[in-house]
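Below you'll find the structure, written out as structure tokens, and then a few comments.
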2 protein chains.
Amino acid sequence: MNPNLRIATSSASIRVPAAVPSERVDHLAALDRVGTVMSLRRDGVLFRECDPAEHYFKVLTGAVRSSKLLADGRRHVSEFYLPGDFIGLDADTSYLFSAEAMTDTTVVRYARRKVEALALQEPRIGRQLLTIACHGYSTARQQLVLLGRKTAEERIASFLLDLVERIGDDDRVLLPMSRTDIGDHLGLTMETVSRGLSHLKSEGIIAMGNSHEILIRDREALEDLAEAA
Amino acid sequence: MNPNLRIATSSASIRVPAAVPSERVDHLAALDRVGTVMSLRRDGVLFRECDPAEHYFKVLTGAVRSSKLLADGRRHVSEFYLPGDFIGLDADTSYLFSAEAMTDTTVVRYARRKVEALALQEPRIGRQLLTIACHGYSTARQQLVLLGRKTAEERIASFLLDLVERIGDDDRVLLPMSRTDIGDHLGLTMETVSRGLSHLKSEGIIAMGNSHEILIRDREALEDLAEAA
DNA sequence: CGCGCGCTTGACTAACTTCAAAGATGGTGG
DNA sequence: CCACCATCTTTGAAGTTAGTCAAGCGCGCG
């Protein structure tokens, strides 16, 4: 058993991710009855690529990274999951990516079998799952544009704005991930990410407390950079 | 009214895309009753980015390109839709991408409102939509790895294998799209795509009849290139 | 048969990566 | 509480991949 993954006893209220559109009410409440809350330490593994996909997860606190290794060691981080985010809907019979906690994290774990059964009984649950899947699909397609056609600095600007939106407080955000994680997410190297951030700082567009605390000083300029889409 | 888009009279049988996994039966049959068959000429527009998303579509014959323009004219092609593929599930209230026919094409058009109503009545329809959305999500995430971490030649190899799988006949495939479309899909320029194909040809890995007819001569070598994932 | 558009190829350039080293940061134990 | 060490980040210089610009080819359509 993975020592980084411990099952806690209590239940928990789960909030809908702010970014999921068009659905005001959280019909997933019924799901909570079939969910188990778990705690993971930093670098704890939720699942690995190719594991049989028997569970869905939802992040309560902390942050999870979804990644994949190519044969020669190149890594791609396809998503960062933050509080409220649902994990695993893209999986077929096996997971296509690994998922690891980037900081100490709590998640709810749902048996996939039970969720599917519930969805067939209660159309509104099915509908909610569909909404989540469509939102993930849509977000992934936006990221395709970023990786396919944006420059390094545009990618970094888009990334910062996205994170501020999701876990920022006004114009301030604490990055839960390393420069390497960001690079692997944006299709860049750690060094290019670092240089990009330094450049944004030297332009007065952002400020940094420590290297993980970002302050947006000129949101308009950042949006112009992210632009394009 | 768009002259490239004409509504035909007949109904049509719709096959499930071969690539959608884990669902043997096509519960969408009930949907056909609420669908309208339409024909589009080459370059005909199904919808544009920002149009209100009032319809879903499914390709019957031909090929559709889903693309987005950045402010300065850079273009990204996020998906190619081929016979059997369902279009529009990622959209929220507006479409996020434009969709245009790459060749003469027929599609079925479904009113989104009617589909949603059906899905709530009939859980298996909802389940089928969920499967399609998850498949799109999963495919998009695979493409993120390609754009984020693969080299030009690896991208081209992956692309060819994907197309052969979807519309190829054994080891032969007719590309319905231009080099520019392929480049905009793979995050490359037209020239790089052309050079990549020429190089694969010079290595004896593929052969070309005319520039749109590709023959896989050494599938193993192509898979090794696409590899990595 | 000729014309036009898309594809190919070549030479040069730019953006990002790689390799390397120095600078900060934060966690731990004395 | 402070000092040390490991780790992560920043910065610099050189290298590589893919992009840009430009010219010529060839297929397919009229």
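Proteins come first, then strands; the chains are lettered A, B, ... in the order of their sequence lines, and each starts at number 1. Note that the structure is predicted; figures quoted are calculated from it, not measured.
First and last contacting nucleotides of DNA chain D toward chain B (any atom under 4.0 angstrom from a heavy atom, 5' to 3' order): dA18(D) to dG28(D).
Only E191(A), T192(A), R195(A), listed by number, bring a heavy atom of residues 191-200 of chain A to less than 4.0 angstrom from any atom of DNA chain C. Within residues 175-187 of chain A, the residues that have a heavy atom under 4.0 Å from DNA chain C are, in order of number, G187(A).
Counting to the nearest Å, the C1' atom of dG6(C) and the CE atom of M102(B) are 16 Å from each other. In this entry the distance linking CD1 of I214(B) with P of dC7(C) reads 11 Å, nearest Å. Taking atom NZ of K150(A) as the reference point, atom C1' of dC16(C) lies 18 Å away to the nearest angstrom. For the pair D72(A) CG and dT17(C) C1', the computed distance is 14 Å after rounding to whole Å. Look at CD on E213(A): it is 15 Å from C1' on dG26(C), rounded to the nearest Å.
Within the structure, every pair that satisfies the side-chain hydrogen bond (donor to acceptor under 3.5 Å, both in side chains) test and touches residues 204-219 of chain A, not counting sequence neighbours, is listed here: D171(A)-R219(A), R172(A)-E213(A). The list of salt bridge (Lys or Arg N to Asp or Glu O under 4.0 Å) pairs with a residue in residues 194-203 of chain A, not counting sequence neighbours, is empty. Listed by first and then second residue, the salt bridge (Lys or Arg N to Asp or Glu O under 4.0 Å) pairs that reach into residues 175-184 of chain A are R65(A)-D181(A), R75(A)-D181(A), R75(A)-D184(A), D184(A)-R149(B), sequence neighbours excluded.
A cation-pi arrangement is found for K68(A) relative to F97(A), the charged atom lying closer than 6.0 Å to the ring centre and inside a 45° cone about the ring normal.
Residues that satisfy the side chain to side chain donor-acceptor pair (under 3.5 Å) test with H76(A), not counting sequence neighbours, are absent from this structure. With sequence neighbours excluded, the residues satisfying salt bridge (Lys or Arg N to Asp or Glu O under 4.0 Å) with E79(B) are R141(A). S138(A) meets the side chain to side chain donor-acceptor pair (under 3.5 Å) test with no other residue; sequence neighbours excluded. By the side chain to side chain contact (heavy atoms under 4.5 Å, CB included) test, A133(A) is found to be paired with L89(A), L130(B), A133(B), C134(B), residues two or more places apart in sequence or in another chain being considered. S194(B) pairs by the side chain to side chain donor-acceptor pair (under 3.5 Å) definition with nothing, not counting sequence neighbours.
F57(B) and Y110(B) have their aromatic ring centers separated by at least 6.0 angstrom. Between H55(B) and F47(B), a ring centre-to-centre spacing not shorter than 6.0 Å is recorded.
Considering only heavy atoms from C-beta on, I216(A) stays 4.5 Å or farther from I205(A) through its side chain. Residues V107(A) and V37(A) form no side-chain contact, since every pair of their non-hydrogen atoms from C-beta on lies 4.5 Å or further apart.
Between S211(B) and E153(A), the residue whose closest nucleotide on DNA chain C is further toward the 5' end is S211(B).
Rotation axes derived from the C1' atoms of the five outermost pairs at either end of the helix from dC1(C)-dG30(D) to dG30(C)-dC1(D) lie 40° apart, to the nearest 10°.
Checking the phosphate oxygens (OP1, OP2) of dC7(C), a side-chain nitrogen or oxygen of H212(B) falls inside 4.0 Å. Phosphate proximity of dA24(C) to N210(A): absent, as no side-chain N or O sits under 4.0 Å from OP1 or OP2.
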